[in-house]
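Fair warning: this is a prediction, and the values are worked out from it, not measured in the lab.
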2 protein chains.
Amino acid sequence: MEVLNEVKGASISFSMVQFVHPALADITLAGILAALADPMRLRIVKALLEDGDCLSCTAAAPCPEIPKSTLSNHFRVLREAGLIRTSKKGVAHRNTVREADINARFPGLLKAILKHAGE
Amino acid sequence: MEVLNEVKGASISFSMVQFVHPALADITLAGILAALADPMRLRIVKALLEDGDCLSCTAAAPCPEIPKSTLSNHFRVLREAGLIRTSKKGVAHRNTVREADINARFPGLLKAILKHAGE
DNA sequence: GACAGAAGTTCGGAAATATGGAAGTATTGA
DNA sequence: TCAATACTTCCATATTTCCGAACTTCTGTC
């Protein structure tokens, strides 16, 4: 919670955790590979692509007993690598794979990797 | 240094650090991605594929000032992921990419990844 | 509105992993 | 036999990951 300004004694605070997504040019190959180098994250991205491409964090989780903080961390890694885009939708989050962006930057990569996910 | 046998008081020791390479079935997608998720290892594999496919460790190193132990470690990671095969050739080592193996297990993957390496 | 519940985030300490200097091991050539 | 080369192994330090606990934010209900 960061206080940005004060007007007439009332502090205006911007708490909106607006997520930072890297620009296209800042997406790196090593970053994408590192993000997908985890079986759980691989399954998350696969679930997002297959199952509607727009799931909440818990809905995209591979298994229900995974701790929330761990799950949150995985989504942050995917986000910072540029693989997914997260926006708030009420109390939940909407996560979508940045398929077009990644295909533009690294044509064929995503498909080639996810083709073999879950073997 | 493992002592395997003793004959007439003289111990025959096999120190040949014969490297352990995973079998085809033990090569995993996450393992390959994790191994390639490092810029230096990405460059090493790229150099191996481009520049003769059979280089010593130092010859395949991205830059000369990298510590030997770090370099050795990177080659171990690549080896254990199943990406390269290492054999001894005199004092040096010969490293080759297990291209056929990986293509058999994950068709198209290696090419799709390395196509974008070094951008 | 106040409150409870749901969905995630952030914090912080413990566990796992990476880095690189120093020392050790084979192998070759003089 | 000695020195040099090309690594590997050991180990201490630095970094990263994991997950419980506490916190924030939004929604629906009273």
Let me check something: any side-chain donor-acceptor pairs from residues 36-43 of chain B under 3.5 Å, sequence neighbours excluded? List them with distances.
from    : atom 1 : to      : atom 2 : distance (Å)
B:Asp38 : OD1    : B:Met40 : N      : 2.8
B:Asp38 : OD1    : B:Arg41 : N      : 3.2
B:Arg41 : NE     : B:Ala35 : O      : 2.6
B:Arg41 : NH1    : B:His74 : ND1    : 3.1
B:Arg41 : NH2    : B:Ala34 : O      : 3.4

Restricting to side chain to side chain donor-acceptor pair (under 3.5 Å), what partner residues turn up for B:Asp26, sequence neighbours left out? none
Please enumerate all residues that pass salt bridge (charged side-chain N to carboxylate O under 4.0 Å, His left out) together with B:Arg98, with sequence neighbours excluded. B:Asp101
Just the rounded figure in Å: distance from P of D:dG20 to CD of A:Glu65. 12 Å
Distance check needed: C:dT27 C1' versus B:Lys89 NZ, whole Å only. 13 Å
According to salt bridge (Lys or Arg N to Asp or Glu O under 4.0 Å), does anything in residues 59-79 of chain B pair up with another residue at least two apart or in another chain? List the pairs. B:Arg76-B:Glu80
Selection: residues 72-84 of chain B, any non-hydrogen atom under 4.0 Å of DNA chain D: B:Ser72, B:Arg79
Keeping to residues at least two apart or across chains, list the ring-ring contact (aromatic ring centres under 6.0 Å, His included) pairs with something in residues 96-119 of chain B. A:Phe106-B:His116, A:His116-B:Phe106
Does the side chain to side chain contact (heavy atoms under 4.5 Å, CB included) test come out yes or no for A:Ile113 and A:Leu33, once each step is laid out? CA-CA 9 Å; A:Ile113 292 176; A:Leu33 297 180; 3.9 Å; yes
Excluding sequence neighbours, so at least two apart, what forms side chain to side chain contact (heavy atoms under 4.5 Å, CB included) with B:Ala59? B:Leu55, B:Ser56
Out of D:dC18, C:dT19, C:dA26, which has the shortest distance to the side chain of B:Thr70? C:dT19
Anything under 3.5 Å between a protein N or O and an N or O of nucleotides 5-7 of chain C, put it in a table, one pair a line.
from  : atom 1 : to      : atom 2 : distance (Å)
C:dA7 : N7     : A:Lys68 : NZ     : 3.3

Please list, by residue number, the residues of residues 26-46 of chain A whose heavy atoms come closer than 4.0 Å to an atom of DNA chain C; answer none if no residue qualifies. none
The side chain of B:Ser69 is closest to which nucleotide in this list: D:dC19, D:dT8, D:dT9? D:dT9
Rounding to a whole Å, what distance do you find between B:Ile66:CD1 and C:dA18:P? 15 Å
Could you state the interatomic distance from CG (A:Leu114) to NZ (A:Lys46), rounded to the nearest 0.5 Å? 8.5 Å
Taking only residues two or more places apart in sequence or in another chain, which ones pass ring-ring contact (aromatic ring centres under 6.0 Å, His included) with A:Phe75? none
Restricting to side chain to side chain donor-acceptor pair (under 3.5 Å), what partner residues turn up for A:His21, sequence neighbours left out? none
Using the C1' atoms of five pairs at each end, what's the angle between the two axes of the helix from C:dG1-D:dC30 to C:dA30-D:dT1, to 10 degrees? 10°
So with a 6.0 Å cut-off around NZ of A:Lys89, is the heavy-atom count from everything else above 12? no
With a 3.5 Å distance limit and no angle check, can you tell me whether B:Asn103 reaches the backbone of B:Glu99 through a side-chain donor-acceptor pair? yes
Separation between CG of B:Leu83 and CG of B:Leu48, rounded to the nearest 0.5 Å: 10.0 Å
Separation of D:dC7 P from B:Arg94 CZ (nearest whole Å): 13 Å
